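Heads up, the thing below is written out as structure tokens.
In each ligand, atom 1 is the first atom listed, and ligand 1 is the first ligand listed. Here the structure is a predicted model, which is why all the values come from computation and not from measurement.
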Amino acid sequence: MSVQIAPSILSADFAALGDAVASVERGGADLIHVDVMDGHFVPNITIGPPVVKSLARVAQRPLDVHLMISEPDRYIDAFAAAGASMMSVHVEVLPHLHRTVHAIKALGVKAGVVLNPSTPVVALEEIAGDVDFVLVMSVNPGFGGQRFIPRSEVKVAAVRALLDRSGNSGAPIEIDGGIDETNAARVVAAGARILVAGSAIFASGDPEQATRALKAAAQAALTGPVAR
Ligand code: DX5
Ligand code: ZN
């Protein structure tokens, strides 16, 4: 499994999202990460299906839609119709997670499950065999530009072990929050294969080059020893 880079447009200029997508795609972005926030599950409010629909028109890469909302079941059809290729939902808000995961898959969209930093890995125990990917939050969701929580590395390794034990060794782990060139290799060594990065890419002044550099740092972990 190679490493994929998923720039988060949360830190881009919302008046020029098309340009933002084009620049990270030139830099080798594999996915475009779209953060949906409702002002309820998280304090912030961002974007909804109409913006995803416009992004789908210009993006060459699949849209990875991260739903930080209290009632995702009400909106998964709309995000699928808008053009999401991947959709992830938080275990913290879903009493019927099994139903939701299968509803997303039935729409032809890859289904991911997200763990907040304080949510234990065991919360995935019964669903690990069903998911297309797992997203480990390495900050508390809601804002870009926060600092990486170091314990996330151990958590990624534990999720990897659970997925393998559940017969789902093909399902990748995505990591989101505070990822940059300094920690990319370490999270890949722990087992992450999709790296989300917002501020490290869009606050850098050169998103194309920052995407390229992050990808190189991440891929180095697959080919050589990782500095600790
Ligand atoms: C945080 C979002 C992230 C965010 C990451 O709630 O889920 O995707 O954009 O931003 P950075 O990379 O700046 O932590
Ligand atoms: Zn996100």
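Legend: residues meeting salt bridge (Lys or Arg N to Asp or Glu O under 4.0 Å) with Arg151, ordered by chain and number and at least two apart, are absent. Remark: Lys215 engages Asp30 in a salt bridge (Lys or Arg N to Asp or Glu O under 4.0 Å) (not counting sequence neighbours).
Rounding to the nearest 0.5 angstrom, the gap separating the CG atom in Asp13 from the CZ atom in Phe202 is 10.5 Å.
Between the side chain of Ser138 and the main chain of Phe148, no donor-acceptor pair closer than 3.5 Å is present. A distance-only check finds a donor-acceptor pair linking the side chain of Glu92 to the backbone of Asn116 [under 3.5 Å]. Between the side chain of Glu25 and the backbone N or O of Arg61 there is at least one donor-acceptor pair closer than 3.5 Å.
Around the Zn ion (ligand 2), protein N, O or S atoms at less than 2.8 Å comprise His33 NE2, Asp35 OD1, His66 ND1, Asp176 OD2.
A salt bridge links Glu208 with Arg26: the distance from a Lys NZ or Arg NE/NH1/NH2 to an Asp or Glu carboxylate oxygen falls below 4.0 Å.
The only member of Ile175, Asp176, Asn183, Asp180 that meets side-chain contact (heavy atoms from CB on, under 4.5 Å) when paired with Leu195 is Ile175.
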Check: every ligand 1 N/O to protein N/O pair under 3.5 Å:
| residue | atom | partner | partner atom | Å |
| --- | --- | --- | --- | --- |
| ligand 1 | 6 (O) | Gly142 | N | 2.7 |
| ligand 1 | 7 (O) | Asp35 | OD1 | 3.0 |
| ligand 1 | 7 (O) | His66 | ND1 | 3.3 |
| ligand 1 | 7 (O) | Asp176 | OD2 | 2.9 |
| ligand 1 | 8 (O) | His33 | NE2 | 3.4 |
| ligand 1 | 8 (O) | Asp35 | OD1 | 3.1 |
| ligand 1 | 8 (O) | Asp35 | OD2 | 2.8 |
| ligand 1 | 8 (O) | Asp176 | OD1 | 2.7 |
| ligand 1 | 8 (O) | Asp176 | OD2 | 3.0 |
| ligand 1 | 9 (O) | Ser8 | OG | 2.8 |
| ligand 1 | 9 (O) | Asp35 | OD2 | 3.0 |
| ligand 1 | 12 (O) | Gly198 | N | 2.8 |
| ligand 1 | 13 (O) | Gly145 | N | 2.7 |
| ligand 1 | 13 (O) | Ser199 | N | 3.0 |
| ligand 1 | 13 (O) | Ser199 | OG | 2.6 |
| ligand 1 | 14 (O) | Gly178 | N | 2.8 |

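Using a 4.5 Å heavy-atom threshold, the side chains of Lys110 and Met87 count as separate.
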